[in-house]
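Note sheet for the following structure.
For the numbers below, each heavy atom of this structure counts, side chains included, while hydrogens, waters and symmetry mates do not. For ligands, and for the atoms within them, numbers begin at 1 and follow the listed sequence.
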Amino acid sequence: MSNVKRTRVAIVGAGPSGLLLSKLLDDHGIDSIVLERRSREHVEARVRAGLLEWSTVELLNEAGVGERMMREGLLHGGFALAFDGRMHRIDLEGLAGRPMLVYGQTEIERDLADATGDQVVWNAHDVAIHDVDGSAPRVTYSADGTHNELRCEFIAGCDGYHGVTRKSVPTGRIAHYERTYPFGWLGILADVPPVGDELIYANHADGFALCSMRSRARSRYYVQCALDDRIENWPDERFWAELKGRLPAEQAARVVEGPSIEKSIAPLRSFVAEPMRFGRLFLVGDAAHIVPPTGAKGLNLAAADVRVLHEGLVEYCRNGRTTLIDEYSERALSRVWKATRFSWWFTTLMHKFSDDAFTRKLQLAELDYLAESPAASRALAENYTGLPFAAQRRAD
Ligand code: APR
Ligand code: PHB
């Protein structure tokens, strides 16, 4: 016997995509229920990048969850490229007219979860989607020992790369585009002041390194490592030595070492699923696409999908028009592919792929060109801060 519930939009996944979509719909008086397989504590404990494009900042403020972000977030007007023993600053505000905001994804999750209230079902198991091609899709799941059926008008698959919704689409109806990279990122979190006021992306003969931060008192560092490497091979001492060895001497001397409070290795991949809509099912965020973290696009692409989808759902729920939801997949993918290209380009430019001397010379020549050419730097700045949204077609 199933416990039957009803909502207008069933959302699978309570990551940034799912919670932001639910909050925006709620603000427009549209009922949704979010089904999350993990606990709130587990979801909030995930350590993820929080480098926000200004359009993401605006959307979070529009959703009414930006107060702490604007108070505690760090405005970044630029970042540095380190290569060949030198530094070159990319002036984001001067070149692209907008900054980035550093504010951890953990904090965004917390702000969203605080604001989304009881429409989130945590620890929802065995989620399965049904009848997405009809006008009465359903989601079944179990929670607190009860089997439930959620009847709805739309399903948003916000359940990430490993989720169930994309995998529910018959293989003949969906195309996967993928590229994996022959290395990983070893990341640590440490309660030490960051090496500088802005991020540093380093291209070094031994491999890539990134100096980032969560606050003025908590640093986030990464070094490129072998794909099959293990964190057991990286005691803190080795990490700090390797990080400093990949930075120019002046920056290396400013690194403040301390005990790691988190250490992990992540593989890198580019992945896009097309299309992003199947009848009443919409794929959102990591459920539809994954980018290598080099360009810090993951969260921003998820927010961009949510922006476009919520506009379409609001239009439909208010006046029955389907213009914007019919455009969702095309508009979302237009942005996704441009960000996928940029993230692939930046990853290829900054990482060591082999010992091939010719490839390294090409990388250094391109970095030299970026440092000398305002046009090249502007292209980098435009992509890094986020491209403008494609104008939506005028709703009929
Ligand atoms: N049933 C219910 N929930 C599920 C299921 C399932 N079968 N599978 C996955 N989930 C949940 C996960 O536990 C997770 O909380 O869906 C959520 C997906 O969240 P994310 O993976 O964070 O994806 P998204 O919300 O699109 O956010 C993208 O998060 O992973 C980072 O780098 C990524 O910054 C980007 C952002
Ligand atoms: C991070 O702070 O985790 C971070 C920042 C920038 C990136 C990737 C990760 O490009």
Side-chain angles (χ1 to χ4, degrees), residues 10-22 33-53 56 74 76 79 100-106 108-109 112-113 120-129 139-143 155-168 185 187-189 194 198-201 208-215 218-222 262 264 266 268-269 271 276 283-306 309 336 339 342-343 346-347 350 384:
I11 299 172
V12 184
S17 300
L19 292 183
L20 181 55
L21 178 60
S22 182
I33 289 180
V34 184
L35 303 176
E36 166 56 52
R37 72 176 169 184
R38 301 287 192 176
S39 68
R40 174 172 173 176
E41 294 69 29
H42 180 99
V43 175
E44 287 180 3
R46 291 182 186 133
V47 177
R48 296 269 170 73
L51 196 62
L52 308 183
E53 296 174 2
T56 302
L74 301 175
H76 279 211
F79 68 86
M100 299 289 279
L101 189 77
V102 171
Y103 187 65
Q105 184 171 312
T106 300
I108 295 171
E109 274 286 334
L112 282 165
V120 183
V121 178
W122 304 97
N123 302 302
H125 300 293
D126 310 315
V127 170
I129 64 176
V139 183
T140 54
Y141 67 98
S142 57
I155 301 172
C158 301
D159 49 344
Y161 180 74
H162 300 289
V164 65
T165 57
R166 187 186 72 250
K167 293 169 186 169
S168 303
W185 276 21
I188 72 160
L189 210 53
E198 297 179 332
L199 273 59
I200 302 173
Y201 292 79
F208 171 76
L210 170 59
C211 303
S212 183
M213 63 193 78
R214 292 291 176 269
S215 69
R218 175 167 287 189
S219 295
R220 178 66 165 165
Y221 290 114
Y222 299 93
E262 193 271 348
S264 55
L268 280 68
R269 80 172 75 243
F271 171 83
M276 289 173 57
L283 300 182
V284 184
D286 274 18
H289 40 75
I290 296 287
V291 284
T294 322
K297 288 293 164 208
L299 178 56
N300 293 297
L301 278 179
D305 292 349
V306 169
L309 181 58
V336 164
F342 169 70
S343 303
F346 202 20
T347 300
M350 298 305 289
Y384 190 88

Sorted by chain and residue number, the residues with a non-hydrogen atom under 4.0 Å of ligand 2 are Ala49, Leu51, Trp185, Leu199, Tyr201, Leu210, Ser212, Arg214, Arg220, Tyr222, Pro293, Thr294, Ala296

Sorted by first residue and then second, give each salt bridge (charged side-chain N to carboxylate O under 4.0 Å, His left out) pair with at least one member in residues 285-297; sequence neighbours left out. Glu53-Lys297

The single option from Asp126, Val139, Leu35, Val127 that satisfies side chain to side chain contact (heavy atoms under 4.5 Å, CB included) with Val164 is Val127

Sequence neighbours left out, what passes salt bridge (charged side-chain N to carboxylate O under 4.0 Å, His left out) with Glu44? Give chain and number order. Arg40, Arg110

Please name the pair of heavy atoms, one in [X] and one in [Y], separated by the smallest distance, quoted to 0.1 Å.
X: Arg166; Y: Gly160; answer: NH1-O, 4.1 Å
X: Arg214; Y: Gly104; answer: CD-CA, 4.1 Å
X: Tyr201; Y: Met350; answer: O-CE, 3.4 Å

Is Asn300 reaching over with its side chain to a backbone N or O of Leu51, donor-acceptor style, under 3.5 angstrom? yes

Does any part of the side chain of Tyr384, heavy atoms only, come nearer than 4.5 Å to the side chain of Met100, both counted from C-beta? yes

Taking atom CD1 of Ile108 and atom CZ of Arg48, what is their separation to the nearest 0.5 Å? 12.0 Å

Could you go through ligand 1 and note, for every N or O atom, any protein N or O atom closer than 3.5 angstrom, writing the atom names and distance to 0.1 Å, or 'none'?
{"residue": "ligand 1", "atom": "3 (N)", "partner": "Arg37", "partner atom": "N", "Å": "3.2"}
{"residue": "ligand 1", "atom": "13 (O)", "partner": "Glu36", "partner atom": "OE2", "Å": "2.7"}
{"residue": "ligand 1", "atom": "13 (O)", "partner": "Arg46", "partner atom": "NH2", "Å": "2.9"}
{"residue": "ligand 1", "atom": "15 (O)", "partner": "Glu36", "partner atom": "OE1", "Å": "2.7"}
{"residue": "ligand 1", "atom": "15 (O)", "partner": "Glu36", "partner atom": "OE2", "Å": "3.4"}
{"residue": "ligand 1", "atom": "15 (O)", "partner": "Arg46", "partner atom": "NH1", "Å": "2.8"}
{"residue": "ligand 1", "atom": "15 (O)", "partner": "Arg46", "partner atom": "NH2", "Å": "3.3"}
{"residue": "ligand 1", "atom": "22 (O)", "partner": "Arg48", "partner atom": "NH1", "Å": "3.4"}
{"residue": "ligand 1", "atom": "25 (O)", "partner": "Pro16", "partner atom": "N", "Å": "3.3"}
{"residue": "ligand 1", "atom": "25 (O)", "partner": "Ser17", "partner atom": "N", "Å": "3.0"}
{"residue": "ligand 1", "atom": "25 (O)", "partner": "Ser17", "partner atom": "OG", "Å": "3.2"}
{"residue": "ligand 1", "atom": "26 (O)", "partner": "Ser17", "partner atom": "OG", "Å": "2.7"}
{"residue": "ligand 1", "atom": "26 (O)", "partner": "Asp286", "partner atom": "N", "Å": "3.0"}
{"residue": "ligand 1", "atom": "29 (O)", "partner": "Gln105", "partner atom": "NE2", "Å": "3.1"}
{"residue": "ligand 1", "atom": "30 (O)", "partner": "Arg48", "partner atom": "NH1", "Å": "2.9"}
{"residue": "ligand 1", "atom": "30 (O)", "partner": "Asp286", "partner atom": "OD2", "Å": "3.0"}
{"residue": "ligand 1", "atom": "34 (O)", "partner": "Gln105", "partner atom": "OE1", "Å": "2.7"}
{"residue": "ligand 1", "atom": "34 (O)", "partner": "Leu299", "partner atom": "N", "Å": "3.2"}

